[in-house]
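Chain A is the first sequence line, chain B the second, and so forth, proteins listed ahead of strands; every chain is numbered from 1.
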4 protein chains.
Amino acid sequence: MSGLGDNSVAADQLRLLIERIERLSEERQGISDDIKDVYLEGKATGFDAKTMRKLVALRKIRPDVRMESQMLLETYASAIGLDLV
Amino acid sequence: MSGLGDNSVAADQLRLLIERIERLSEERQGISDDIKDVYLEGKATGFDAKTMRKLVALRKIRPDVRMESQMLLETYASAIGLDLV
Amino acid sequence: MSGLGDNSVAADQLRLLIERIERLSEERQGISDDIKDVYLEGKATGFDAKTMRKLVALRKIRPDVRMESQMLLETYASAIGLDLV
Amino acid sequence: MSGLGDNSVAADQLRLLIERIERLSEERQGISDDIKDVYLEGKATGFDAKTMRKLVALRKIRPDVRMESQMLLETYASAIGLDLV
DNA sequence: TCTGGAGGATTAGCGC
DNA sequence: GCGCTAATCCTCCAGA
């Protein structure tokens, strides 16, 4: 047998791996749901969800890198006459 | 003040929401890393990661729905002469 | 001047590049719309759009590769007792 | 027969639809390749591709909408003490 | 309105 | 190391 017939050791290993992944995926999904709830809570308090997402994304970037990117963008924008304000 | 000046109540609320999201996101990222590790472990044991992913995806679908889709696909494939085997 | 001030040569180059990209993007969007229309047409004729998408995706894969993947999937599915049929 | 057996009218319709989609997809892919080339050309001239992509994305947004979003972002950023500069 | 799915963009992993 | 492909993420839209 090639090692993957039913009940073989390899089959068991595979099943266990798949089940571990599924368990972890469920946990992750639960957290994703929690995150969604926080955004909804923010929205209910009057905050704009999209802007909140931008904030979170920006804070993930190291300040120096973020500012460097921003300056480059402003340089380019100015060059082609795009007003970022 | 419009409610979002520094140190205002709203500003505090916003900061707390953002921080909760960041904490949850970190947790989720940790789990994503764990999942990735399981795939790597499977790969190291000789399993094909892409196929494992397909398995996980298929198992998320209810059997009757999955089979219904599969039958429809086979009907269409046969109609245009595509050999699925 | 650093080479990107307004009206500089570099600024002109940048603007031209951006405009070319925008033109191409519009063309591409037009084609995407056409594709969407064909799916809608198929749907109106009674075909299932999702299954049509699967067909298109499958036909992009070389037959030997596709069958190889399918066989591997079936092997794995059988090993963990997942009924694909 | 349910209308999708080989050589039936429906089967022909399906095949034609699929083929139209494939033709359009090829065209679209060609344009995508062209776009990629323009970015490469820009990169070769010394421009940063990522920033160019940002420019293109920003120009797709109507100025008033873009500025409105930017102002909101700055308000939020200031509230939580994030320095956008 | 809000939920799910499709499209597009970004990013990570892989192979050359 | 870079370019390419594949996967994930996020946004947008259609449908309920």
Side-chain ([X]) to main-chain ([Y]) donor-acceptor, under 3.5 angstrom:
| X | Y | answer |
| --- | --- | --- |
| Tyr39(A) | Leu17(B) | no |
| Thr45(A) | Glu41(A) | yes |
| Ser78(D) | Glu74(D) | no |

Nearest-Å distance for atom pair [atom1]/[atom2], residues [X] and [N]:
| X | N | atom1 | atom2 | result |
| --- | --- | --- | --- | --- |
| Ile21(B) | dC9(F) | CD1 | C1' | 16 Å |
| Met52(C) | dG5(E) | CE | P | 19 Å |
| Arg53(B) | dA12(E) | CZ | P | 14 Å |
| Leu58(A) | dT10(E) | CG | P | 15 Å |
| Lys60(D) | dG8(E) | NZ | C1' | 8 Å |

Quiz item: Taking atom CD of Glu26(B) and atom CD1 of Ile31(B), what is their separation to the nearest 0.5 Å?
Solution: 12.5 Å
Quiz item: How many angstroms lie between CZ in Arg59(B) and CG in Leu55(B), if you round to the nearest 0.5 Å?
Solution: 8.0 Å
Quiz item: So does Asp48(A) pair up with Lys50(A), basic N to acidic O under 4.0 Å?
Solution: no
Exercise. Mind running a 4.0 Å heavy-atom check of residues 27-50 of chain A against DNA chain E and sending the residues that fall below it, in number order?
Key: none
